[in-house]
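First the structure, in the form of C-alpha coordinates, and then the observations on it.
Small disclaimer: the values here were computed from a predicted structure and weren't measured. The chains referred to below are lettered A, B, ... by the order of the sequence lines, with proteins before strands, and numbering in each begins at 1.
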Amino acid sequence: MNIKKYLGPLSKDNPILVQVLGVCSALAVTAQLKPAIVMAISVTAVAALGNLIISLLRNTIPPRIRIIVQLIIVAALVILTDQILQAWFYDISKMLSVFVGLIITNCILMGRIEAFALGNKPIPSFFDGLFNGLGYGLVLAVVGFVRELLASGSVWNHKIIPDSFYAHGYMNNGLVSLPPMALILIGLLVWIQRSGSKTEKI
Amino acid sequence: MIEIFVRSIFIDNMIFAYFLGMCSYLAVSKNVKTSFGLGVAVTFVLVVTVPVNYLIDNYLLKKGALSWLSASLGGLDMSFLSLIVFIAVVAAIVQLLEMVIEKYAPALYNSLGIFLPLIAVNCAILGASLFMQERNFPNVAHALAYASGSGIGWLLAIVAFAAIRERLRYSQIPKPLQGLGISCIITGLMGLGFMAFLGM
(Lines give C-alpha, C1' and ligand atoms only; values in the text may rest on other atoms or scores of the structure.)
Protein backbone atom coordinates (compact mmCIF):
# COMPACT_ATOMS: atom_id res chain seq x y z
CA MET A 1 0.00 0.00 0.00
CA ASN A 2 1.37 3.33 -1.03
CA ILE A 3 1.24 5.48 2.07
CA LYS A 4 2.39 8.61 0.30
CA LYS A 5 -0.77 8.76 -1.75
CA TYR A 6 -2.82 9.19 1.41
CA LEU A 7 -0.69 11.92 2.93
CA GLY A 8 -1.77 14.42 0.29
CA PRO A 9 -4.70 15.83 2.26
CA LEU A 10 -2.36 17.01 5.01
CA SER A 11 -0.95 19.76 2.85
CA LYS A 12 -0.96 19.51 -0.93
CA ASP A 13 -4.61 18.43 -1.19
CA ASN A 14 -5.79 19.92 2.08
CA PRO A 15 -9.60 19.62 2.21
CA ILE A 16 -10.11 23.17 3.45
CA LEU A 17 -7.31 25.11 1.80
CA VAL A 18 -7.25 23.42 -1.59
CA GLN A 19 -10.37 21.35 -2.14
CA VAL A 20 -12.56 24.04 -0.48
CA LEU A 21 -14.60 21.46 1.43
CA GLY A 22 -15.99 21.90 4.90
CA VAL A 23 -15.19 25.56 5.32
CA CYS A 24 -18.57 26.04 6.98
CA SER A 25 -17.84 24.44 10.30
CA ALA A 26 -14.12 25.13 10.25
CA LEU A 27 -14.58 28.70 11.30
CA ALA A 28 -17.16 28.79 14.02
CA VAL A 29 -15.47 26.39 16.42
CA THR A 30 -11.96 27.83 16.34
CA ALA A 31 -12.20 30.66 18.86
CA GLN A 32 -10.21 28.46 21.21
CA LEU A 33 -7.86 25.53 20.71
CA LYS A 34 -9.71 22.96 22.79
CA PRO A 35 -13.08 22.89 21.01
CA ALA A 36 -11.19 23.06 17.71
CA ILE A 37 -9.26 19.88 18.54
CA VAL A 38 -12.37 18.07 19.78
CA MET A 39 -14.20 19.06 16.59
CA ALA A 40 -11.26 17.86 14.50
CA ILE A 41 -11.22 14.47 16.23
CA SER A 42 -14.99 14.08 15.79
CA VAL A 43 -14.85 14.91 12.09
CA THR A 44 -11.88 12.59 11.54
CA ALA A 45 -13.66 9.70 13.24
CA VAL A 46 -16.88 10.25 11.32
CA ALA A 47 -15.06 10.70 8.00
CA ALA A 48 -13.00 7.53 8.40
CA LEU A 49 -15.90 5.34 9.58
CA GLY A 50 -18.35 6.83 7.10
CA ASN A 51 -15.99 6.17 4.24
CA LEU A 52 -15.43 2.61 5.48
CA ILE A 53 -19.14 1.79 5.79
CA ILE A 54 -20.11 3.35 2.46
CA SER A 55 -17.27 1.54 0.78
CA LEU A 56 -18.42 -1.79 2.21
CA LEU A 57 -21.93 -1.08 0.93
CA ARG A 58 -20.89 0.49 -2.35
CA ASN A 59 -22.04 -2.35 -4.58
CA THR A 60 -25.45 -2.66 -2.95
CA ILE A 61 -26.54 1.00 -2.92
CA PRO A 62 -28.76 1.87 -5.88
CA PRO A 63 -27.28 5.02 -7.43
CA ARG A 64 -30.60 6.86 -7.53
CA ILE A 65 -31.02 7.01 -3.78
CA ARG A 66 -27.37 7.08 -2.81
CA ILE A 67 -27.46 10.62 -1.41
CA ILE A 68 -30.15 9.69 1.10
CA VAL A 69 -28.35 6.48 2.07
CA GLN A 70 -25.13 8.41 2.61
CA LEU A 71 -26.88 11.08 4.65
CA ILE A 72 -28.53 8.51 6.89
CA ILE A 73 -25.30 6.61 7.56
CA VAL A 74 -23.39 9.81 8.28
CA ALA A 75 -26.24 11.07 10.47
CA ALA A 76 -26.19 7.85 12.50
CA LEU A 77 -22.43 8.19 13.06
CA VAL A 78 -22.82 11.85 14.03
CA ILE A 79 -25.54 10.98 16.55
CA LEU A 80 -23.13 8.49 18.13
CA THR A 81 -20.41 11.15 18.30
CA ASP A 82 -22.84 13.67 19.74
CA GLN A 83 -23.99 11.28 22.46
CA ILE A 84 -20.39 10.39 23.36
CA LEU A 85 -19.45 14.06 23.62
CA GLN A 86 -22.49 14.81 25.74
CA ALA A 87 -21.68 11.94 28.07
CA TRP A 88 -17.99 12.60 28.64
CA PHE A 89 -17.18 16.13 27.52
CA TYR A 90 -20.36 17.96 28.43
CA ASP A 91 -18.88 21.47 28.65
CA ILE A 92 -17.20 21.19 25.26
CA SER A 93 -20.32 19.72 23.70
CA LYS A 94 -22.23 22.77 24.99
CA MET A 95 -19.57 25.03 23.48
CA LEU A 96 -19.78 23.34 20.08
CA SER A 97 -23.59 23.48 20.27
CA VAL A 98 -25.15 22.92 16.86
CA PHE A 99 -21.87 22.42 15.08
CA VAL A 100 -21.61 18.77 16.10
CA GLY A 101 -24.91 18.18 14.34
CA LEU A 102 -23.65 20.12 11.38
CA ILE A 103 -20.90 17.55 10.80
CA ILE A 104 -23.62 15.78 8.79
CA THR A 105 -23.65 18.48 6.16
CA ASN A 106 -19.91 19.03 6.32
CA CYS A 107 -18.90 18.85 2.70
CA ILE A 108 -15.74 16.87 3.50
CA LEU A 109 -17.80 13.83 4.37
CA MET A 110 -20.13 13.87 1.39
CA GLY A 111 -17.32 15.01 -0.88
CA ARG A 112 -14.96 12.19 0.05
CA ILE A 113 -17.73 9.59 0.03
CA GLU A 114 -18.83 10.68 -3.44
CA ALA A 115 -15.31 11.12 -4.78
CA PHE A 116 -13.53 8.18 -3.19
CA ALA A 117 -15.49 5.68 -1.12
CA LEU A 118 -18.05 4.87 -3.83
CA GLY A 119 -15.32 3.65 -6.16
CA ASN A 120 -12.70 2.12 -3.91
CA LYS A 121 -12.09 -0.82 -1.56
CA PRO A 122 -12.88 -0.44 2.17
CA ILE A 123 -9.33 -0.18 3.56
CA PRO A 124 -8.08 2.57 1.23
CA SER A 125 -11.37 4.41 1.76
CA PHE A 126 -10.86 4.26 5.51
CA PHE A 127 -7.42 5.83 5.20
CA ASP A 128 -8.65 8.40 2.73
CA GLY A 129 -11.30 9.53 5.23
CA LEU A 130 -8.79 9.43 8.08
CA PHE A 131 -6.22 11.62 6.38
CA ASN A 132 -8.77 14.06 5.02
CA GLY A 133 -10.08 14.40 8.56
CA LEU A 134 -6.55 14.97 9.82
CA GLY A 135 -5.88 17.59 7.15
CA TYR A 136 -9.06 19.35 8.23
CA GLY A 137 -7.98 19.05 11.86
CA LEU A 138 -4.59 20.56 11.10
CA VAL A 139 -6.15 23.75 9.75
CA LEU A 140 -8.57 23.89 12.68
CA ALA A 141 -5.72 23.48 15.15
CA VAL A 142 -3.63 26.23 13.54
CA VAL A 143 -6.52 28.69 13.41
CA GLY A 144 -7.64 27.79 16.94
CA PHE A 145 -4.10 28.21 18.26
CA VAL A 146 -3.57 31.63 16.67
CA ARG A 147 -6.98 32.93 17.68
CA GLU A 148 -6.74 31.81 21.29
CA LEU A 149 -3.19 33.16 21.59
CA LEU A 150 -4.04 36.58 20.20
CA ALA A 151 -7.45 36.94 21.79
CA SER A 152 -6.70 35.89 25.34
CA GLY A 153 -2.93 35.36 25.53
CA SER A 154 -3.35 31.70 26.39
CA VAL A 155 -3.17 28.27 24.78
CA TRP A 156 -5.38 25.37 25.94
CA ASN A 157 -6.56 27.65 28.76
CA HIS A 158 -2.99 28.12 30.07
CA LYS A 159 -1.57 31.60 30.16
CA ILE A 160 1.34 31.84 27.75
CA ILE A 161 2.10 35.51 27.45
CA PRO A 162 3.83 36.61 30.69
CA ASP A 163 2.45 39.37 32.88
CA SER A 164 5.50 41.55 32.29
CA PHE A 165 4.33 41.97 28.68
CA TYR A 166 1.04 43.40 29.88
CA ALA A 167 2.89 45.67 32.27
CA HIS A 168 4.66 47.17 29.27
CA GLY A 169 1.42 47.88 27.49
CA TYR A 170 0.73 44.63 25.54
CA MET A 171 -3.00 44.15 25.06
CA ASN A 172 -5.15 41.20 24.11
CA ASN A 173 -6.81 41.62 20.75
CA GLY A 174 -10.45 40.87 21.44
CA LEU A 175 -11.31 41.31 17.77
CA VAL A 176 -9.64 38.01 16.91
CA SER A 177 -12.20 36.08 18.95
CA LEU A 178 -15.02 37.48 16.78
CA PRO A 179 -16.21 35.35 13.85
CA PRO A 180 -15.05 37.54 10.91
CA MET A 181 -11.41 37.28 11.94
CA ALA A 182 -11.53 33.50 11.53
CA LEU A 183 -12.31 34.03 7.86
CA ILE A 184 -9.51 36.50 7.43
CA LEU A 185 -7.10 34.07 9.11
CA ILE A 186 -8.19 31.26 6.78
CA GLY A 187 -7.68 33.64 3.86
CA LEU A 188 -4.13 34.34 5.01
CA LEU A 189 -3.46 30.61 5.52
CA VAL A 190 -4.63 29.94 1.97
CA TRP A 191 -2.28 32.65 0.78
CA ILE A 192 0.69 31.14 2.63
CA GLN A 193 -0.13 27.62 1.54
CA ARG A 194 -0.62 28.50 -2.13
CA SER A 195 2.48 30.61 -2.42
CA GLY A 196 4.40 27.57 -1.19
CA SER A 197 2.91 24.90 -3.46
CA LYS A 198 1.98 25.40 -7.06
CA THR A 199 -1.69 24.50 -7.33
CA GLU A 200 -4.26 25.78 -9.75
CA LYS A 201 -6.71 28.28 -8.37
CA ILE A 202 -10.28 27.29 -7.76
CA MET B 1 -41.56 38.35 16.14
CA ILE B 2 -40.47 41.26 13.96
CA GLU B 3 -37.46 41.44 16.20
CA ILE B 4 -36.61 37.80 15.48
CA PHE B 5 -37.03 38.46 11.78
CA VAL B 6 -34.75 41.52 11.68
CA ARG B 7 -32.26 39.96 14.06
CA SER B 8 -31.85 36.86 11.94
CA ILE B 9 -31.26 38.96 8.81
CA PHE B 10 -28.62 41.31 10.15
CA ILE B 11 -27.17 40.29 13.49
CA ASP B 12 -27.37 36.50 13.45
CA ASN B 13 -26.67 36.42 9.73
CA MET B 14 -26.13 32.81 8.65
CA ILE B 15 -22.96 33.58 6.76
CA PHE B 16 -21.31 36.40 8.65
CA ALA B 17 -22.02 35.23 12.17
CA TYR B 18 -22.14 31.42 11.84
CA PHE B 19 -20.48 30.66 8.50
CA LEU B 20 -23.28 28.31 7.53
CA GLY B 21 -23.65 27.48 3.86
CA MET B 22 -20.13 28.65 3.10
CA CYS B 23 -19.44 25.89 0.59
CA SER B 24 -22.10 26.86 -1.89
CA TYR B 25 -21.59 30.51 -0.97
CA LEU B 26 -18.01 30.33 -2.21
CA ALA B 27 -18.73 28.09 -5.17
CA VAL B 28 -21.81 29.75 -6.67
CA SER B 29 -21.03 33.43 -6.20
CA LYS B 30 -19.33 33.98 -9.55
CA ASN B 31 -22.11 36.25 -10.83
CA VAL B 32 -25.05 38.09 -9.34
CA LYS B 33 -27.79 36.38 -11.31
CA THR B 34 -27.04 32.76 -10.37
CA SER B 35 -26.32 33.68 -6.79
CA PHE B 36 -29.69 35.42 -6.58
CA GLY B 37 -31.29 32.20 -7.89
CA LEU B 38 -29.54 30.12 -5.28
CA GLY B 39 -30.44 32.62 -2.57
CA VAL B 40 -34.12 32.43 -3.49
CA ALA B 41 -34.00 28.63 -3.51
CA VAL B 42 -32.34 28.52 -0.08
CA THR B 43 -34.88 30.95 1.38
CA PHE B 44 -37.70 28.90 -0.09
CA VAL B 45 -36.43 25.61 1.36
CA LEU B 46 -35.76 27.23 4.74
CA VAL B 47 -39.27 28.65 4.96
CA VAL B 48 -40.72 25.20 4.30
CA THR B 49 -38.38 22.97 6.32
CA VAL B 50 -37.90 24.92 9.55
CA PRO B 51 -41.60 25.10 10.50
CA VAL B 52 -42.04 21.41 9.56
CA ASN B 53 -39.07 20.47 11.72
CA TYR B 54 -40.42 22.67 14.49
CA LEU B 55 -43.70 20.75 14.49
CA ILE B 56 -41.93 17.40 14.38
CA ASP B 57 -39.63 18.38 17.20
CA ASN B 58 -42.41 19.68 19.42
CA TYR B 59 -45.06 17.05 18.79
CA LEU B 60 -42.98 13.93 18.25
CA LEU B 61 -39.43 14.10 19.54
CA LYS B 62 -39.08 16.33 22.58
CA LYS B 63 -39.32 15.01 26.11
CA GLY B 64 -43.02 14.70 26.87
CA ALA B 65 -43.94 15.68 23.33
CA LEU B 66 -45.88 12.50 22.71
CA SER B 67 -48.25 13.06 25.61
CA TRP B 68 -50.94 14.25 23.16
CA LEU B 69 -51.04 10.68 21.86
CA SER B 70 -51.35 8.86 25.17
CA ALA B 71 -50.32 9.59 28.72
CA SER B 72 -48.06 6.55 28.94
CA LEU B 73 -45.82 7.94 26.20
CA GLY B 74 -45.44 11.26 28.03
CA GLY B 75 -42.09 10.42 29.56
CA LEU B 76 -40.45 9.40 26.30
CA ASP B 77 -37.48 11.51 25.19
CA MET B 78 -36.44 10.92 21.62
CA SER B 79 -34.56 14.14 21.05
CA PHE B 80 -31.38 12.20 20.24
CA LEU B 81 -33.14 11.21 17.02
CA SER B 82 -33.61 14.81 15.97
CA LEU B 83 -30.47 14.98 13.82
CA ILE B 84 -31.41 12.04 11.65
CA VAL B 85 -35.06 13.12 11.42
CA PHE B 86 -34.17 16.70 10.50
CA ILE B 87 -31.80 15.70 7.73
CA ALA B 88 -34.31 13.20 6.38
CA VAL B 89 -37.02 15.87 6.37
CA VAL B 90 -34.72 18.31 4.58
CA ALA B 91 -33.73 15.74 1.96
CA ALA B 92 -37.34 14.65 1.44
CA ILE B 93 -38.69 18.19 1.14
CA VAL B 94 -35.98 19.18 -1.29
CA GLN B 95 -36.84 16.16 -3.42
CA LEU B 96 -40.55 16.98 -3.21
CA LEU B 97 -40.04 20.63 -4.06
CA GLU B 98 -37.93 19.64 -7.02
CA MET B 99 -40.74 17.48 -8.41
CA VAL B 100 -43.46 20.06 -7.70
CA ILE B 101 -41.52 22.91 -9.25
CA GLU B 102 -40.64 20.80 -12.28
CA LYS B 103 -44.30 20.04 -12.83
CA TYR B 104 -45.92 23.42 -12.20
CA ALA B 105 -43.23 26.00 -12.86
CA PRO B 106 -40.84 24.72 -15.50
CA ALA B 107 -39.32 28.19 -16.00
CA LEU B 108 -38.41 28.44 -12.35
CA TYR B 109 -37.17 24.85 -12.44
CA ASN B 110 -34.81 25.61 -15.26
CA SER B 111 -33.30 28.55 -13.44
CA LEU B 112 -33.05 26.79 -10.06
CA GLY B 113 -32.63 23.27 -11.39
CA ILE B 114 -29.03 22.48 -10.58
CA PHE B 115 -29.14 24.22 -7.20
CA LEU B 116 -32.07 22.37 -5.71
CA PRO B 117 -30.37 19.02 -5.07
CA LEU B 118 -27.33 20.87 -3.72
CA ILE B 119 -29.46 22.53 -1.10
CA ALA B 120 -30.11 19.26 0.72
CA VAL B 121 -26.54 19.30 1.97
CA ASN B 122 -26.35 23.05 2.52
CA CYS B 123 -25.34 23.62 6.12
CA ALA B 124 -27.55 26.70 6.37
CA ILE B 125 -30.72 24.59 6.12
CA LEU B 126 -29.84 22.00 8.75
CA GLY B 127 -28.19 24.72 10.83
CA ALA B 128 -31.37 26.78 10.92
CA SER B 129 -33.34 23.74 12.09
CA LEU B 130 -30.82 23.06 14.85
CA PHE B 131 -30.74 26.69 15.98
CA MET B 132 -34.54 26.65 15.98
CA GLN B 133 -34.40 23.63 18.30
CA GLU B 134 -31.82 25.27 20.55
CA ARG B 135 -33.72 28.53 20.91
CA ASN B 136 -37.07 27.04 21.98
CA PHE B 137 -39.39 29.32 20.03
CA PRO B 138 -42.82 29.55 21.69
CA ASN B 139 -44.83 28.77 18.56
CA VAL B 140 -44.55 27.88 14.91
CA ALA B 141 -45.00 31.48 13.74
CA HIS B 142 -41.78 32.49 15.47
CA ALA B 143 -40.00 29.61 13.77
CA LEU B 144 -41.38 30.81 10.45
CA ALA B 145 -40.19 34.37 11.12
CA TYR B 146 -36.75 33.04 12.01
CA ALA B 147 -36.58 30.88 8.89
CA SER B 148 -37.56 33.64 6.50
CA GLY B 149 -35.20 36.08 8.17
CA SER B 150 -32.26 33.69 7.92
CA GLY B 151 -33.06 32.94 4.31
CA ILE B 152 -33.22 36.61 3.37
CA GLY B 153 -30.01 37.26 5.28
CA TRP B 154 -28.28 34.49 3.34
CA LEU B 155 -29.65 35.86 0.06
CA LEU B 156 -28.43 39.34 0.95
CA ALA B 157 -24.97 38.08 1.80
CA ILE B 158 -24.45 35.98 -1.32
CA VAL B 159 -25.76 38.67 -3.69
CA ALA B 160 -23.58 41.36 -2.09
CA PHE B 161 -20.57 39.07 -2.24
CA ALA B 162 -21.23 38.14 -5.88
CA ALA B 163 -21.43 41.82 -6.76
CA ILE B 164 -18.05 42.43 -5.14
CA ARG B 165 -16.57 39.43 -6.91
CA GLU B 166 -17.72 40.71 -10.30
CA ARG B 167 -15.75 43.88 -9.67
CA LEU B 168 -12.80 41.92 -8.37
CA ARG B 169 -12.07 40.57 -11.82
CA TYR B 170 -10.62 43.92 -12.81
CA SER B 171 -8.30 44.33 -9.87
CA GLN B 172 -4.78 43.04 -9.50
CA ILE B 173 -4.44 40.46 -6.77
CA PRO B 174 -1.28 38.53 -5.87
CA LYS B 175 -1.48 35.18 -7.60
CA PRO B 176 -1.57 32.84 -4.55
CA LEU B 177 -4.29 35.00 -3.01
CA GLN B 178 -6.64 34.73 -5.98
CA GLY B 179 -9.79 32.68 -5.65
CA LEU B 180 -10.38 31.22 -2.21
CA GLY B 181 -7.94 33.40 -0.31
CA ILE B 182 -9.32 36.76 -1.30
CA SER B 183 -12.90 35.45 -1.04
CA CYS B 184 -12.35 34.52 2.60
CA ILE B 185 -10.79 37.85 3.42
CA ILE B 186 -13.58 39.80 1.70
CA THR B 187 -16.22 37.81 3.55
CA GLY B 188 -14.40 38.50 6.79
CA LEU B 189 -14.39 42.22 6.10
CA MET B 190 -18.07 42.15 5.16
CA GLY B 191 -18.72 40.32 8.42
CA LEU B 192 -16.93 43.07 10.32
CA GLY B 193 -19.19 45.55 8.57
CA PHE B 194 -22.28 43.60 9.56
CA MET B 195 -21.14 43.62 13.18
CA ALA B 196 -22.12 47.27 13.22
CA PHE B 197 -25.72 46.05 13.49
CA LEU B 198 -24.94 44.54 16.88
CA GLY B 199 -25.81 47.85 18.54
CA MET B 200 -29.31 47.81 17.10
Side-chain angles (χ1 to χ4, degrees), chain A residues 16-29 65 67-68 70-72 74-76 78-80 82-83 86 97-111 175 178-202, chain B residues 13-27 80-88 90-92 94-95 117 120-135 173-195 198:
Chain A
I16 295 181
L17 302 180
V18 181
Q19 305 178 45
V20 205
L21 296 174
V23 190
C24 332
S25 58
L27 304 158
V29 297
I65 57 157
I67 300 275
I68 299 222
Q70 289 161 9
L71 276 177
I72 296 295
V74 170
V78 170
I79 287 177
L80 273 179
D82 190 30
Q83 298 289 317
Q86 277 183 21
S97 72
V98 302
F99 291 98
V100 180
L102 285 174
I103 296 177
I104 298 176
T105 48
N106 190 318
C107 326
I108 291 180
L109 297 167
M110 298 302 280
L175 185 68
L178 296 174
M181 280 310 289
L183 271 170
I184 295 178
L185 273 175
I186 293 263
L188 295 177
L189 264 182
V190 171
W191 191 357
I192 294 168
Q193 204 263 357
R194 289 204 180 163
S195 47
S197 67
K198 297 266 171 284
T199 40
E200 291 113 76
K201 62 169 183 161
I202 295 162
Chain B
N13 188 291
M14 276 289 170
I15 285 183
F16 298 132
Y18 299 110
F19 317 109
L20 296 178
M22 283 295 289
C23 306
S24 39
Y25 169 83
L26 290 172
F80 69 94
L81 278 178
S82 57
L83 281 179
I84 213 164
V85 173
F86 285 176
I87 194 71
V90 170
V94 167
Q95 193 85 56
V121 286
N122 188 320
C123 334
I125 312 282
L126 184 65
S129 289
L130 292 172
F131 275 123
M132 170 273 294
Q133 188 189 28
E134 202 183 68
R135 282 179 200 177
I173 302 160
K175 198 134 210 254
L177 196 57
Q178 278 173 9
L180 180 64
I182 193 74
S183 305
C184 282
I185 292 176
I186 289 173
T187 314
L189 293 174
M190 287 165 78
L192 282 178
F194 264 66
M195 295 207 89
L198 272 177

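One finds the CG atom of A/Leu71 at 5.0 Å from the CD1 atom of B/Ile87 (value rounded to the nearest 0.5 Å). Atom CG in B/Leu177 sits 8.0 Å away from atom CG in A/Leu188 (nearest 0.5 Å). B/Leu83 contributes atom CG, which lies 8.5 Å from atom CG of A/Leu102 (distance to the nearest 0.5 angstrom). Note that CG of B/Leu81 is 6.0 Å distant from CD1 of A/Ile79, once rounded to the nearest 0.5 Å.
Contacts between A/Ile72 and chain B at a heavy-atom distance below 4.5 Å involve backbone atoms as well as side-chain atoms. Only the backbone of B/Phe16 comes within contact range of chain A, with at least one heavy atom under 4.5 Å from a heavy atom of that chain. Neither the backbone nor the side chain of B/Ile15 has a heavy atom closer than 4.5 Å to any heavy atom of chain A.
For the residue pair A/Pro180 and B/Gly191, the shortest heavy atom distance occurs at CG-C, 3.6 Å. Annotation for B/Ile185 and A/Gly187: closest pair CG1-CA, 3.9 Å, computed over non-hydrogen atoms. Annotation for B/Cys184 and A/Ile186: closest pair SG-CG2, 3.9 Å, computed over non-hydrogen atoms.
Ranked by heavy-atom pairs shorter than 4.5 Å toward chain A, the options B/Phe131, B/Phe194, B/Phe86 are led by B/Phe131.
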